[in-house]
Amino acid sequence: MVKLASKSELHRISVDVQPPVTRITLKNPPLNVIDLEMMGELLEALEEVETSTETSAVVIAGSERAFSSGVDIAAHTPDGVRGMLTAFHGVIRALVATKRLTIASVHRHCLGGGAELALLCDVVYASPDSVWGFPEIKLACFPPVASVALSSIVGQKLAAEMVLTGRTLSGQEALDAGLVNGLADDPETLVGECISRVSQLSPAALAMAKKAFYAWDSIHFDKGLARSEQIYLDELMKTLDAREGIQAHIERRRPKWQGK
């Protein structure tokens with residue numbers, strides 16, 4: 001197993017290359033919370049993948065306990081939220097822009113920013129006990145990426161229910177909704193089958209096919225995410241309820257909404 005060259009030692013992820021696959025594993029136990037350090041390492045890894053001539057596919061995985069429970073709530077404070085959102089959406093944009101086939105391998109918790117990371121992969125395999133959701137609304141927030149991308153995957157009504165009410169989906173429900181490509185007790189079996197197919201393909205043709213496949217979506221995603229970011233930072237984060245929701249979560253108490 002070859003370790004991908006890195007500019008700095010990795011603490012929140014591991015990156016390994018077994019051509020034609022680069023595997024990125026989230027490593028921030030117990031629930032793989034995505035903090036600023038992980039965001040930086042993910043962006044670095046995705047940027048390096050783009051320069052690799054050996055890689056046709058990228059697998060993003062978590063642990064058996066969790067793919068990821070989401071972005072670090074502590075980073076949502078008024079003085080840190082802009083930097084956090086910029087960093088996380090930098091990762092999202094790099095994931096969307098990569099020419100490589102991206103595959104998410106999901107066990108159990110896949111929530112918030114973790115679910116956003118997984119849903120933007122080209123192919124998603126999960127365990128039956130996986131749980132999918134966007135609980136941000138319970139903190140008087142919303143998931144900017146899911147607000148833009150989820151409807152095109154699961155349909156507007158289900159996306160609205162998930163984003164606006166905090167509904168979660170089981171692995172089977174995610175499969176039925178089209179959020180997941182396949183279920184297995186060990187999703188890596190499905191990942192391996194997919195990689196065996198990809199390994200027979202032309203990397204150049206795969207890159208061009210992916211570019212054409214997402215040509216229409218990418219136009220709307222770029223504009224939509226920019227608008228979603230603006231609403232989040234310039235409107236939502238100025239409300240008292242958003243600040244209260246985040247602070248209540250940090251202090252482990254019930255929020256007291258003021259409706260403003």
Side-chain angles (χ1 to χ4, degrees), residues 12-14 23-35 38-39 41-42 45-46 57-73 75-76 84 88-89 91-92 94-96 101-139 141-155 158-192 194 249:
R12 292 288 192 260
I13 66 173
S14 66
R23 173 175 290 271
I24 300 173
T25 304
L26 310 183
K27 289 192 171 182
N28 188 16
L31 296 176
N32 288 325
V33 169
I34 304 171
D35 59 12
M38 183 184 285
M39 294 175 198
E41 292 180 5
L42 282 169
L46 289 169
V58 178
V59 176
I60 302 179
S63 65
E64 291 189 358
R65 181 173 179 181
F67 179 80
S68 173
S69 62
V71 173
D72 186 12
I73 299 299
H76 288 70
M84 178 279 295
F88 183 59
H89 288 179
V91 174
I92 292 296
L95 182 64
V96 170
L101 182 76
T102 53
I103 307 168
S105 179
V106 177
H107 280 276
R108 300 190 67 186
H109 302 285
C110 191
L111 304 170
E116 291 179 320
L117 190 66
L119 73 87
L120 284 178
C121 287
D122 301 312
V123 180
V124 181
Y125 299 118
S127 60
D129 62 353
S130 59
V131 179
W132 298 76
F134 303 94
E136 288 88 340
I137 196 67
K138 299 176 183 178
L139 304 182
C141 296
F142 67 85
V145 175
S147 296
V148 175
L150 189 60
S151 290
S152 65
I153 298 172
V154 304
L158 180 56
E161 193 173 15
M162 294 180 72
V163 171
L164 302 181
T165 76
R167 176 186 169 181
T168 59
L169 300 182
S170 66
Q172 185 61 52
E173 288 172 326
L175 177 65
D176 293 342
L179 186 56
V180 169
N181 292 81
L183 295 179
D185 290 334
D186 182 4
E188 289 297 321
T189 61
L190 299 176
V191 171
C194 182
H249 180 85

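Values in this document were obtained by computation on a predicted structure and should not be read as measured data.
- Residue pairs meeting the side-chain hydrogen bond (donor to acceptor under 3.5 Å, both in side chains) criterion with at least one partner in residues 111-125, sequence neighbours excluded, are T102-D122, D122-K210, D122-Y214.
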Take L42 and I13 through the test side chain to side chain contact (heavy atoms under 4.5 Å, CB included) and record every step on the way to the result.
CA-CA 7 Å; L42 282 169; I13 66 173; 4.1 Å; yes
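- For the pair N181 (side chain) and V124 (backbone), a donor-acceptor distance under 3.5 Å is present.
- Between I24 and V59, every side-chain heavy-atom pair lies at or beyond the 4.5 Å cut-off.
- Panel note: side chain S152, backbone A149; a donor-acceptor pair is recorded below 3.5 Å.
- When all heavy atoms of N28 and M38 are compared, the closest pair comes out as CB-CE, 3.7 Å.
- Salt-bridge annotation for E161 and R167: present, with a side-chain N of the basic residue lying under 4.0 Å from a carboxylate O of the acidic one.
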Show the numbers, then the answer: is there a side chain to side chain contact (heavy atoms under 4.5 Å, CB included) between F134 and T168?
CA-CA 7 Å; F134 303 94; T168 59; over 6 Å; no
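- At least one donor-acceptor pair under 3.5 Å links the side chain of N32 to the backbone N or O of A66.
- Smallest separation of non-hydrogen atoms from P144 and H89: CB-CE1, 3.7 Å.
- Closest non-hydrogen pair, T25 versus G62, comes out as CG2-O, 3.8 Å.
- Under the 4.5 Å side-chain criterion, counting only non-hydrogen atoms from C-beta, H107 is in contact with S127.
- In this structure, the separation between NE2 on H109 and OG on S69 is 8.0 Å, given to the nearest 0.5 Å.
- Counting only heavy atoms from C-beta outward, the side chains of R108 and E64 never approach each other to under 4.5 Å.
- No side-chain heavy atom of D35 sits less than 4.5 Å from a side-chain heavy atom of M39.
- T165 has its side chain out of reach of I137: every pair of non-hydrogen atoms, C-beta onward, lies at least 4.5 Å apart.
- Under the 4.5 Å side-chain criterion, counting only non-hydrogen atoms from C-beta, L164 is not in contact with F142.
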Side chain to side chain contact (heavy atoms under 4.5 Å, CB included) for I103 and V58? Distances and angles first, verdict last.
CA-CA 6 Å; I103 307 168; V58 178; over 6 Å; no
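- Taking CG of D176 as the reference point, atom CG of L169 lies at 9.5 Å (rounded to 0.5 Å).
- Residues W132 and V154 have side chains not in contact (no heavy-atom distance under 4.5 Å, counting atoms from C-beta outward).
- Contact between S68 and L26 at its shortest, heavy atoms only, is CB-CD1, 4.1 Å.
- Expressed to the nearest 0.5 Å, how far CG of L183 lies from OG of S170 amounts to 8.5 Å.
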Given the rule in the side chain to side chain contact (heavy atoms under 4.5 Å, CB included) test, do L120 and I92 qualify, once you have shown the distances and angles that lead to the verdict?
CA-CA 8 Å; L120 284 178; I92 292 296; 3.3 Å; yes
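- To the nearest 0.5 Å, the span separating NE2 on H76 from CD on E136 amounts to 6.5 Å.
- Counting heavy atoms from C-beta outward, L95 and L117 have side chains that approach closer than 4.5 Å.
- In this structure, E41 contributes its side chain and R12 its backbone to a donor-acceptor pair below 3.5 Å.
- In this structure, F88 and G113 approach most closely via the heavy-atom pair CZ-O, 3.4 Å.
- Note: S63 OG to L31 CG = 8.0 Å, rounded to the nearest 0.5 Å.
- Taken to the nearest 0.5 Å, the OG atom of S151 stands 10.5 Å off from the CE atom of M162.
- Considering all non-hydrogen atoms of both residues, A115 and G133 come closest at CB-O, 3.9 Å.
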